[in-house]
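Basis for what follows: all heavy atoms, side chains included, without hydrogens, waters or symmetry-related copies.
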Amino acid sequence: MIRFIKENLARQVKGFKLLQLLLEEEFSRLTQRDPQGVSRIEMPIQELLRQIGAERISLKSLLAGAYPETRLRDFPAALGGDEGLAAGETLQAIKKAEQQCARQAAKNQRLAAALSKQSQSLLEFLHNSVRPKNNDAYSAKGCYAKAPSRPSLLSGRL
């Protein structure tokens with residue numbers, strides 16, 4: 001059972017390293033403004049996150065089966081010796097990789113939001129540039145509309 005727990009932890013470390021690479025690739029595609037490239041890399045990222053989540057759930061059930069009263073952070077101490085030390089290092093590697101991925105994902109999110117805001121501002125500018133300045137210049141049919149009569153003083157002879 002301990003072997004399965006160690007293998008699960010090792011898979012999580014490798015999964016987070018791969019996630020870090022995918023997030024860096026997504027960032028490079030965002031900086032190159034390649035929306036198709038970003039959308040192509042999103043599916044592998046989502047699938048990898050699903051797999052890492054499944055590994056976490058599996059680890060909880062494995063740990064509950066082998067050490068019912070032990071939490072994951074206390075697992076290295078429960079093992080003791082060299083195995084416990086190695087498990088502790090693996091847990092630290094997972095924690096560090098997870099934090100790196102979280103920082104990179106936040107960086108990607110800020111860049112994507114900024115690019116979206118920039119695109120929206122550009123669209124608004126272009127729309128305002130082509131919109132007629134005078135609202136009563138065209139009719140609904142696209143022809144010049146007759147200007148509405150404005151109030152004026154009548155002067156003349158009777």
Task: Modelled atom types, side-chain donor and acceptor of Q100 and Q104, under 3.5 Å - done: no

TODO: Go through K96 and Q92 one step at a time and tell me if the side-chain contact (heavy atoms from CB on, under 4.5 Å) criterion holds.
DONE: CA-CA 6 Å; K96 182 180 176 183; Q92 287 298 323; over 6 Å; no

- [ ] Before giving the answer on side chain to side chain donor-acceptor pair (under 3.5 Å), spell out for E55 and Q51 the whole-Å C-alpha distance, their side-chain angles and the decisive distance to 0.1 Å.
- [x] CA-CA 6 Å; E55 288 290 337; Q51 289 175 2; over 6 Å; no

TODO: Grab the two heavy atoms, one from T31 and one from S28, that are nearest each other, plus how far apart they are.
DONE: OG1-O, 2.7 Å

Task: E124 backbone acceptor or donor facing N128 side chain under 3.5 Å - done: yes

- [ ] Please name the pair of heavy atoms, one in A87 and one in P76, separated by the smallest distance, quoted to 0.1 Å.
- [x] C-CG, 4.1 Å

Open item on the list: Just to verify, which of E25, Q32, E26 counts as forming a side chain to side chain donor-acceptor pair (under 3.5 Å) with R29?
Closed with: E25

- [ ] Enter the distance from Q118:CD to L122:CG here, rounded to the nearest 0.5 Å.
- [x] 7.5 Å

Open item on the list: Within the structure provided, determine whether L62 and S58 are in side-chain contact (heavy-atom separation under 4.5 Å).
Closed with: yes

TODO: Mind checking the CG-CZ spacing from L18 to R11? Nearest 0.5 Å is all I need.
DONE: 14.5 Å

Open item on the list: Quick one, Q12 and N8 - any side-chain contact, counting heavy atoms below 4.5 Å?
Closed with: yes

TODO: Show your working on salt bridge (charged side-chain N to carboxylate O under 4.0 Å, His left out) between E98 and K95 and close with a plain yes or no.
DONE: CA-CA 5 Å; E98 188 176 6; K95 186 176 181 180; over 6 Å; no

TODO: Please name the pair of heavy atoms, one in C101 and one in F16, separated by the smallest distance, quoted to 0.1 Å.
DONE: SG-O, 3.3 Å

Open item on the list: Under 3.5 Å, is there a donor on one side chain and an acceptor on the other for Q20 and E24?
Closed with: yes

Task: For the student: nearest non-hydrogen atoms of I41 and L22, plus distance - done: CD1-O, 3.6 Å

Task: Note, K6 side chain near E83 side chain (heavy atom, < 4.5 Å) - done: yes

- [ ] Please tell me if the side chains of Q120 and K117 come closer than 4.5 Å, counting only heavy atoms from C-beta onward.
- [x] no

- [ ] Measure the spacing between CD1 of I52 and CD of E47 and express it to the nearest 0.5 Å.
- [x] 10.5 Å

TODO: Supply the atom-to-atom distance L9 CG to I94 CD1, rounded to the nearest 0.5 angstrom.
DONE: 4.5 Å

Open item on the list: So R71 and D74, do their side chains get closer than 4.5 Å, heavy atoms only?
Closed with: yes

Task: Check: V38 and F27 side chains under 4.5 Å, non-hydrogen atoms - done: no

Task: Residue pair T70 / L63: nearest heavy atoms and the distance that separates them - done: O-CD2, 3.8 Å

Open item on the list: Do R33 and L115 have side chains that approach each other closer than 4.5 Å (heavy atoms only, starting at C-beta)?
Closed with: yes

TODO: May I ask you to decide if L23's main-chain N or O and N108's side chain share a donor-acceptor pair within less than 3.5 Å?
DONE: yes

